[in-house]
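Structure record follows, encoded as structure tokens.
Chain naming here is simple, since letters A, B, ... match the order of the sequence lines and numbering starts at 1 in each.
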Protein chains: 2
Amino acid sequence: MIDLDGIDPGLQAGVTALAAEMRAQGYQRSDPVREIPALLGDRWTTLILLVLDIGCWRHAELRRVLGRLGAEGRISQRVLTLKLRTLERDGLVRRLSTADVPPKVSYELNDLGRSLVGESRRLIDWVQGNAARIAAAREAFDRQRTPSALS
Amino acid sequence: MIDLDGIDPGLQAGVTALAAEMRAQGYQRSDPVREIPALLGDRWTTLILLVLDIGCWRHAELRRVLGRLGAEGRISQRVLTLKLRTLERDGLVRRLSTADVPPKVSYELNDLGRSLVGESRRLIDWVQGNAARIAAAREAFDRQRTPSALS
DNA sequence: CAGCATCCTCGGCGATACTG
DNA sequence: CAGTATCGCCGAGGATGCTG
């Protein structure tokens, strides 16, 4: 079903297994792999989830705090609304609003969202734990590529 | 240092703690949070790592296999080279080449790369495990937004 | 075969102005 | 205050052609 031509039989077996693994459970043809960039691959979502993990935030407050944390600059009002809407649609975030004018809208994580935060924290920990190794690898790579003064 | 104006004191404490957590270890001012989209946030890297976890691949073979797995279409030669170069620079992948013409180039994971694959597999498992929940949330959300026939 | 240069497309994101 | 609409930028990624 995957049709591998002149490829090492050992590797072929691995690919078949990987394909089966990817088709498992709820996903039939598409791969859950592509959900990962969709969930955490953008500039803001991971950080938003971390802040929401602290508690319940009003839209404007959340926006201010996101602007201070990290060196990302400020998130635009439009994009924050978009990100929160996506998170709400995916069932990770609850939106609470009053019918006042001006309206008061708050956002908080639900159980599924907290569960995802747990996973992404593991990734962050991995990055922190291996930051030195990665930085060293990058330096070595760049040094070799830049002859600089190799006289 | 983060300067929070009219924000609930309880939340303020949480933000301060989060900021400290983000500054911890190797990262001094920048946040490891932004490394996550950089590492796994693009269309191909996660899938490339999974395939490299199977074994050692020639460039062209790898490209063919990536095209078959998932419903992403084929990766362009240029982008595959770019992604592999980045992974090599980050110290996750080893590049093996001969000086022949035409050249034979192979790529394989090293220990750090295998370690990252382990983490990303956890994320994939999370997505698979919660796929039904997410799909249900999306359906409910969309149904409510599309009045369809609400007469 | 693998890499690089060039050109092009598309989507994410920011900025601004307006509305309930 | 929160959301929407509009505009514009920029970078990721695809397609093609050439080289060692």
Taking NZ, NE, NH1 and NH2 as the nitrogens, is one of them in A:Arg138 or B:Glu35 under 4.0 Å from a carboxylate oxygen of the other?
yes

With axes from five pairs an end, tell me the bend angle of the helix from C:dC1-D:dG20 to C:dG20-D:dC1, nearest 10°.
40°

Would you say A:Leu123 and B:Leu39 make side-chain contact, with heavy atoms under 4.5 Å?
no

Hey, what do you get for CH2 (B:Trp126) to CD (A:Glu119), rounding to the nearest 0.5 Å?
8.0 Å

A:Met22 to B:Leu47 - nearest heavy-atom pair and separation
SD-CD1, 4.1 Å

If you define the side chain from C-beta out and look only at heavy atoms, does anything of B:Ile124 sit under 4.5 Å from B:Thr46?
yes

Heavy atoms only, 4.0 Å cut-off, all strands: where does A:Val105 land among base, sugar-phosphate and nothing?
sugar-phosphate

For the student: nearest non-hydrogen atoms of A:Ile36 and B:Ser120, plus distance
CD1-O, 4.2 Å

Closest non-hydrogen contact found for A:Gly91 with A:Asn110 is O-ND2, 2.9 Å

Closest non-hydrogen atom pair, A:Gly73 against A:Trp44
O-CH2, 3.3 Å

Here the residues of residues 36-49 of chain B within 4.0 Å heavy-atom distance, strictly under, of DNA chain D are B:Asp42, B:Arg43, B:Trp44

Taking all non-hydrogen atoms of both residues, which atom of B:Asp42 and which atom of B:Lys83 are closest, and how far apart?
OD2-CE, 3.2 Å

Before accepting this row, confirm whether a basic side-chain N of the pair B:Glu88/B:Arg94 lies closer than 4.0 Å to the acidic partner's carboxylate O.
no

Could you please spell out the steps behind the side-chain contact (heavy atoms from CB on, under 4.5 Å) verdict for A:Arg95 and A:Ser97?
CA-CA 7 Å; A:Arg95 186 191 125 112; A:Ser97 68; 3.8 Å; yes

Between P of C:dA2 and CG of B:Leu96, the distance in whole Å:
12 Å

Salt bridge check, A:Arg145 against A:Asp142: does any charged N sit closer than 4.0 Å to a carboxylate O?
no

If you compare all heavy atoms of B:Arg114 against all heavy atoms of B:Asp111, which two are closest, and at what distance to 0.1 Å?
NH2-OD1, 3.0 Å

Could you pull out all donor-acceptor pairs under 3.5 Å where a side-chain atom in residues 48-59 of chain B meets a protein atom, sequence neighbours excluded?
{"unit_1": "B:Asp53", "atom_1": "OD2", "unit_2": "B:Arg121", "atom_2": "NH2", "d": "3.2"}
{"unit_1": "B:Trp57", "atom_1": "NE1", "unit_2": "B:Val51", "atom_2": "O", "d": "3.0"}

Ignoring hydrogens and angles, answer whether the base of C:dA15 and the side-chain atoms of A:Gln77 contain a donor-acceptor pair closer than 3.5 Å.
no

Scan residues 78-91 of chain A against DNA chain D and write down, sorted by residue number, each residue with any heavy atom closer than 4.0 Å; if none is found, say none.
A:Arg78, A:Thr81, A:Arg85

Opening and closing nucleotides of DNA chain D in contact with chain A, under 4.0 Å to non-hydrogen atoms:
D:dC1 to D:dT6

Residues touching DNA chain D, which here means a heavy atom under 4.0 Å, drawn from residues 51-69 of chain A:
A:Arg58, A:His59, A:Ala60

Is any NZ, NE, NH1 or NH2 atom of the basic residue among A:Asp125 and A:Arg122 found under 4.0 Å from an Asp or Glu carboxylate oxygen of the other?
no

